[in-house]
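Report on the structure given below.
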Amino acid sequence: MLLTRAGYPDVTIFERGERVGGVWTHNTYPGAACDVPSHLYEFSFEPNPHWSRRYAPQAEIQQYIEAVARRHGVLERARTGTEVTSAQWDEERAKWQLQTSAGSFEADILVAACGQLSIPKAPTISGLDSFAGPVFHTAEWNHDVDLAGRHVAVIGTGCSAIQAVPAIQPIAAQIDVYQRSPGWTMPKMDFEYSKRARRLFERLPALQRLDRLATFVFMDIGAAAMTSQRWLLVPFRAAGRRQIRKAISDNDLRARVTPTDEIGCKRIMLTDEWYPTLERPNVELITDRIEHITPTGIESAEGTERRADVIVLATGFESHAFVAPMEVIGAGGRSLAEEWDPVARAYLGLSVPGFPNMFLLYGPNTNGGTGSVIYVIEAGVAHVIAALDALQRTNADRIEVRRERADAFDRELRAALAGTVWHTGCTSWYVDENGNDPSQWPWMWSTYRRRTQQLEPSAYELNRCVLERAPRS
Ligand code: NAP
């Protein structure tokens, strides 16, 4: 829609799923909701005064995304149920040649907007395949499985688990939650918007914009706290400790849920329900290491086997795969996988040297511990539009980020990352086991927007590969 509005209406969207919506289409687990306030987790050009709650549930977000897509003619341009399997740069024609599950396609510009949390990650635990009951990942929730009266084992205690477990607790007979390491939480303070409040947002859009701004400023302070101003984490840590103290009376349980790593190192989880749920009589937190899965249960390293009828994998995503499994071949036949060995990197998270006319939205190092991914995507689109404008202005057909500029940006980024909370030692999906971080943006979100809005002419090389044919006489 932003591209059309900027004068580039010839856009084709390929979507592997049957519907647009990305993670919000796939993550339908009970309790799924956003942990970013809805007035920030929405498109700047489509404010929605009708959100039912401060933090909208999954179905409402999915509905919103589809409604916006419909209203702006995006659905007409979308080829859903079509997977792009490979993309190859054709230097002679200055075009991308795509192979899709529905045939080939040619494009002047390739924008990869594949997300970072789309491929579920199953744990490598011995015996998992031998389990006799249903096993499913939170992002592939099997709604046909009735949990009523069943013994459910949930592996993982990240953002997905802390939403799903409270939602299924009233249904299941018993829930065993397997925690490998605890994460910090903070009160979510979620609430329903009254009809009056929604009417007010509708009549006074400025009020909603003010709330959006206030939320953005708070989140940007959070970004500063995790990066350059770590002293700001003190009140966050205190709020996390207070939440545990208030909700849990048992000292042993308190100790087991209290993280020993720095707050923010893993994503801070916003919740009002997690600890009260762990106190319920039908919920048990298991912190013994999982040794093996049998056909009927889970065996801990201590040798105890606990019955399970259903296993829920809340074990996160293959977050460093970015565009995978799509194969991307750039100039000179070099693949993106080769370019990204050992770690994915991109200039401003958007462009990669050797891959002309290609941009990534929410690409490497554009995630944060706070903020809204929609904001990041909109900032990225503004950069793509600036690139298209530059191509048009200069009558060029090829734009590529200069390697020396991309390398200089990467050095600056890695130096800044070293001082952030994400690199203080914890396991998280941000950083791999070798310390490589293809995920995090080490500055404030306002900085991301400032740096991406314009196209620094010296950062890119623009030229014309295809010579225009002389008009026939
Ligand atoms: P996650 O944060 O990566 O959590 C995975 C959990 O599984 C962790 O507790 C991890 O333990 C555990 N785990 C992984 N492998 C294991 C194994 N082999 N044995 C035992 N435990 C294992 O995944 P997630 O909860 O799906 O969340 C991923 C991201 O999605 C979030 O950080 C967030 O960005 C996004 N998300 C957002 C929302 C929202 O409200 N907007 C909701 C859900 C998810 P360790 O911590 O010890 O590694």
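Both ligands and their constituent atoms are indexed starting at 1 by order of listing.
- Separation of atoms OG1 (T157) and CD (Q179) is listed at 4.5 Å; rounding is to 0.5 Å.
- Applying the 4.0 Å criterion to heavy atoms of L117 picks out, from ligand 1, the atoms 29 (C), 30 (O), 34 (O), 35 (C).
- Any N or O atom pair closer than 3.5 Å counts here, and G156 shares no such pair with ligand 1.
- The ligand atoms of ligand 1 that sit less than 4.0 angstrom from a heavy atom of Y29 are 42 (C), 43 (C).
- In the vicinity of I155, heavy-atom distances shorter than 4.0 Å reach the ligand 1 atoms 20 (C), 21 (N).
- Ring planes of F45 and F43: parallel class, angle under 30° (limits at 30 and 60°).
- The closest protein non-hydrogen atom to atom 47 (O) of ligand 1 is S181 OG, 2.6 Å.
- The closest approach between T138 and ligand 1 stays at or above 4.0 Å for every heavy atom of the residue.
- For ligand 1, one of its N or O atoms has an N or O atom of T157 under 3.5 Å away.
- Salt-bridge annotation for D252 and R256: present, with a side-chain N of the basic residue lying under 4.0 Å from a carboxylate O of the acidic one.
- Neither the backbone nor the side chain of Y430 comes within contact range of ligand 1; no heavy atom lies under 4.0 Å.
- Classified by interplanar angle (parallel below 30°, tilted 30° to 60°, perpendicular above 60°), the ring pair Y29/W141 is tilted.
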Kindly determine whether F201 and N48 satisfy side chain to side chain contact (heavy atoms under 4.5 Å, CB included), including the steps that lead there.
-> CA-CA 8 Å; F201 288 134; N48 175 17; over 6 Å; no
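- Ion pairing between E378 and R449 fails under the 4.0 Å rule for side-chain N and carboxylate O.
- With hydrogens left out, the protein atom closest to atom 36 (N) of ligand 1 is C159 CB, 3.9 Å, a heavy atom.
- A perpendicular orientation is assigned to the rings of Y347 and F409, their planes being inclined by more than 60° (bins at 30° and 60°).
- Only the side chain of Q163 comes within 4.0 Å of ligand 1, counting heavy atoms alone; its backbone N, CA, C and O stay farther away.
- Of the listed options S160, P120, S439, P123, S160 places a heavy atom closest to atom 26 (O) of ligand 1.
- With distances taken over non-hydrogen atoms, the option nearest atom 6 (C) of ligand 1 out of G31, G316, A314, S372 is A314.
- Of the listed residues (R267, K121, K266), the one carrying the non-hydrogen atom nearest atom 34 (O) of ligand 1 is R267.
- Contacts between A32 and ligand 1 below 4.0 angstrom, taking non-hydrogen atoms only, are absent altogether.
- Heavy-atom separations between I290 and ligand 1 are all 4.0 Å or longer.
- Nearest-residue assignment for atom 39 (C) of ligand 1 (options V36, L128, D35; heavy-atom criterion): D35.
- For atom 4 (O) of ligand 1, the nearest non-hydrogen atom of the protein is G158 CA, 3.7 Å.
- Taking the charged nitrogens against the carboxylate oxygens, E284 and R306 do have a contact shorter than 4.0 Å, which makes a salt bridge.
- The closest protein non-hydrogen atom to atom 17 (C) of ligand 1 is R180 NH1, 3.4 Å.
- In this structure, R450 fails the cation-pi test against W443, since its NZ or CZ atom is not both closer than 6.0 Å to the six-membered ring centre and inside 45 degrees of the ring normal.
- A ring-centre distance under 6.0 Å is found for Y41 and W24.
- Heavy atoms of other residues, nucleotides or ligands lying less than 6.0 angstrom from CZ of F218 number 12 at most.
- With no hydrogens or angles considered, a side-chain donor-acceptor pair links E42 and Q208 at under 3.5 Å.
- Taking every heavy atom of T427 and a limit of under 4.0 angstrom, the matching atoms of ligand 1 come to 45 (P), 46 (O), 47 (O), 48 (O).
- When hydrogens are left out, the protein atom nearest atom 2 (O) of ligand 1 is W429 CD1, 3.8 Å; that is the closest non-hydrogen contact.
- The proximity of F317 to ligand 1, defined as any non-hydrogen pair under 4.0 Å, is limited to the side chain.
- For the ligand labelled ligand 1, residue Y178 lies outside the 4.0 Å heavy-atom shell.
- Ring geometry for F216 versus Y375: interplanar angle of 30 to 60°, hence tilted.
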